[in-house]
Amino acid sequence: MSLVSLRNVVKRFGAHEVLKGITLSIEEGETVAVIGRSGSGKSTLLRCLNALEAVQEGEMTVAGIAVTSPDADLNRLRARVGMVFQSYNLFPHLTVERNVKLALKLVRKMSDAQAAQVARAMVGKVGLADKLQAYPDELSGGQQQRVAIARSLAMQPSMMLFDEITSALDPELVGEVLRVLEELAREGMTMMLVTHEMNFARNVADRVIFMHDGRIHEDGPSQEILRDPQTPELKAFLAAVLH
Ligand SMILES: Nc1ncnc2c1ncn2[C@@H]1O[C@H](COP(=O)(O)OP(=O)(O)OP(=O)(O)O)[C@@H](O)[C@H]1O
Ligand SMILES: [Mg+2]
């Protein structure tokens with residue numbers, strides 16, 4: 001069953017058309033890497049998927065919710081679609097455990113004990129069981145980003161969106177975050193991630209989408225797309241990022 005289904009989706013900021021008719025299906029369990037030049041619309045596409053941005057035309061169903069219908073329950077949508085950004089936005093005055101527990105208690109209405117149990121499990125899953133009582137500024141960037149992932153996973157989303165989550169990290173910290181994503185992909189989480197890590201896209205993603213000028217310019221199995229780009233635009237993009 002498709003978890004994401006878009007038909008002719010158009011997004012404009014004023015007169016500026018940023019998504020120029022996106023048609024796309026993503027199946028349950030797929031890991032999709034989104035690549036493309038700066039300004040091509042990658043972040044906007046992700047933000048539209050969980051309704052952080054409204055679209056102007058087209059039809060969009062995500063995680064069972066008809067997002068473009070007037071009575072769509074957007075809070076329900078956002079609970080089903082987790083999103084992690086480049087900046088991890090942890091609360092600096094709260095421990096790792098309390099950062100992860102917060103939404104579980106406020107949104108999911110869990111008791112403190114229930115929330116603590118989920119927090120321990122999720123923080124353990126990203127390899128930080130020994131940091132539950134640490135504050136964000138006591139952690140490296142890679143560790144903070146893993147906490148942000150744990151916080152999102154704790155809500156038990158149907159799907160995860162990741163927008164360049166390793167771009168602000170020191171190079172030696174990128175691997176530990178990518179390993180968490182790789183593990184999630186192996187477990188069958190449906191994921192869409194904007195990345196500049198071409199090796200990761202090739203080896204971990206099932207599928208690569210190349211965005212160019214607000215459109216999906218190429219879309220296919222990651223190995224094939226990256227080995228044998230069909231359009232001059234993707235050839236030029238790959239030449240620029242790989243050299
Ligand atoms: N809130 C906004 N208001 C107006 N224009 C916007 C807004 N957000 C994005 N845009 C414009 O939409 C276009 C696509 O932006 P977007 O952030 O989706 O690109 P991107 O592919 O993610 O780029 P990058 O690789 O630099 O992150 C850009 O021209 C950008 O200036
Ligand atoms: Mg972006």
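Please read all numbers here as calculations on a predicted model, not as lab measurements. Order of listing sets the numbers, starting from 1, for every ligand and every atom in it.
A salt bridge between R186 and E183 is present, with a side-chain N of the basic residue lying under 4.0 Å from a carboxylate O of the acidic one. Using a cut-off of 4.0 Å between Lys/Arg side-chain N and Asp/Glu carboxylate O, E187 and K125 are scored as salt-bridged.
For atom 25 (O) of ligand 1, the nearest protein heavy atom (residue, atom name, distance) is K42 NZ, 2.7 Å. Taking atom 27 (O) of ligand 1 as the reference point, the nearest protein heavy-atom neighbour is E164 OE2, 3.5 Å. At the top of the distance list for atom 11 (C) of ligand 1, counting protein heavy atoms only, stands V18 CG2, 4.0 Å. Counting only heavy atoms of the protein, atom 18 (O) of ligand 1 lies nearest to T44 OG1, 2.6 Å. Closest to atom 3 (N) of ligand 1, if we only count protein heavy atoms, is F13 CD2, 3.3 Å. Protein heavy atom in closest approach to atom 26 (O) of ligand 1: S38 OG, 2.6 Å.
Nearest to atom 22 (O) of ligand 1 by heavy atom, out of S43, G39, S167, is S43.
Annotation for ligand 1: atoms under 4.0 Å from non-hydrogen atoms of R37 are 21 (O).
Excluding waters, the set of protein N/O/S atoms under 2.8 Å from the Mg ion (ligand 2) reads S43 OG.
If you look at H16 next to ligand 1, the close heavy atoms, those under 4.0 Å, all belong to the side chain.
Close N/O approach between E53 and ligand 1 is not found [any backbone or side-chain N/O within under 3.5 Å].
A heavy-atom separation below 4.0 Å is not found between G36 and ligand 1.
There is no protein heavy atom closer than 4.0 angstrom to atom 30 (C) of ligand 1.
With rounding to the nearest 0.5 angstrom, the CD atom of E57 is 7.0 Å from the CD atom of E17.
A donor-acceptor pair shorter than 3.5 Å can be found between the side chains of E233 and H217.
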